Amino acid sequence: MIVSTTETVAGHRTVATLGQVFGVVVRSRGIGGNIAAGLRSIVGGEIKEYTSLVEETRRHAIDRLIQNATLMGGNAVVMMRFDSGSIGETMNEVVAYGTAVIIEKDG
């Protein structure tokens, strides 16, 4: 499945727009990760425990986005974006959203 942040996919034409599609994931770091991140924040710099949490959560959100687009009959998602936020002090929410479409190669 092609997932694009642009409105169109180069070399393809959109033959059907199926509608909005999204993938939502809420994750929490375990107590060990929170302690390690807390200690790391004292000295400053990148908090790798949280970076990896957000990267993994984004990948999972895209996977869910693709599953939903597939269920709708799409073979691509255009205008894909992320939104994220915190829930409480220990949870991170990531939403991947876009438009499910059917595309065909030009030519």
Side-chain angles (χ1 to χ4, degrees):
M1 165 118 14
I2 296 173
V3 177
S4 174
T5 59
T6 59
E7 189 173 348
T8 59
V9 177
H12 294 77
R13 62 187 178 88
T14 301
V15 296
T17 300
L18 303 174
Q20 67 183 3
V21 64
F22 60 91
V24 180
V25 178
V26 177
R27 292 253 171 101
S28 177
R29 193 99 185 106
I31 188 74
N34 284 332
I35 291 171
L39 293 173
R40 210 179 285 273
S41 69
I42 293 171
V43 297
E46 179 182 7
I47 301 174
K48 294 178 183 178
E49 292 79 11
Y50 289 138
T51 299
S52 64
L53 173 68
V54 172
E55 287 177 349
E56 182 181 322
T57 304
R58 281 185 171 209
R59 281 192 296 276
H60 194 176
I62 289 174
D63 289 345
R64 287 191 177 170
L65 171 90
I66 290 168
Q67 287 174 354
N68 288 331
T70 301
L71 289 172
M72 293 174 70
N75 64 355
V77 175
V78 295
M79 299 299 294
M80 194 283 295
R81 301 286 186 268
F82 286 111
D83 190 16
S84 64
S86 296
I87 301 173
E89 292 188 22
T90 61
M91 289 179 275
N92 178 265
E93 168 204 28
V94 173
V95 180
Y97 62 95
T99 302
V101 296
I102 298 173
I103 58 174
E104 292 179 351
K105 283 195 175 249
D106 281 338

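Keep in mind the model is a prediction, meaning the values are calculated, not measured. Only this structure's heavy atoms are used, side chains among them; waters, hydrogens and symmetry mates stay out. Here, residue 1 is the first one in the sequence, and each next residue gets the next number.
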Q. Glu56: what forms a side-chain contact (heavy atoms from CB on, under 4.5 Å) with it, not counting sequence neighbours?
A. Arg27, Arg59
**Q.** Atom CZ of Phe22 with >12 non-hydrogen neighbours under 6.0 angstrom
**A.** no
Q | Arg81 vs Thr5, side-chain contact (heavy atoms from CB on, under 4.5 Å): CA-CA, chis, key distance, verdict | A | CA-CA 7 Å; Arg81 301 286 186 268; Thr5 59; 3.7 Å; yes
Q) Short question: side chain of Arg13, backbone of Lys105 - any donor-acceptor pair under 3.5 Å? A) no
Q) Is there a donor-acceptor pair closer than 3.5 Å between any side-chain N or O of Ser4 and the backbone N or O of Thr6? A) yes
Q | Point-to-point distance, once rounded to the nearest 0.5 Å, from CD1 of Ile2 to CG of Asn75 | A | 7.0 Å
Q.
Apply the hydrophobic cluster definition, ILVMFWY joined by side-chain contacts under 4.5 Å directly or through others, and give me every member besides Ile66.
A. Met1, Val3, Val15, Leu18, Val21, Ile62, Leu65, Met72, Val77, Met80, Phe82, Val94, Ile102
Q) Sequence neighbours excluded, which residues qualify as side-chain contact (heavy atoms from CB on, under 4.5 Å) partners of Thr8? A) none
Q. Just by modelled atom types, is the Val24 backbone N or O under 3.5 Å from a matching donor or acceptor in the Arg64 side chain?
A. yes
Q) Looking at side-chain heavy atoms only, is the closest gap between Asp106 and His12 below 4.5 Å? A) no
(Q) With rounding to the nearest 0.5 angstrom, report the CG to CD distance, Asn68 to Gln20. (A) 11.0 Å
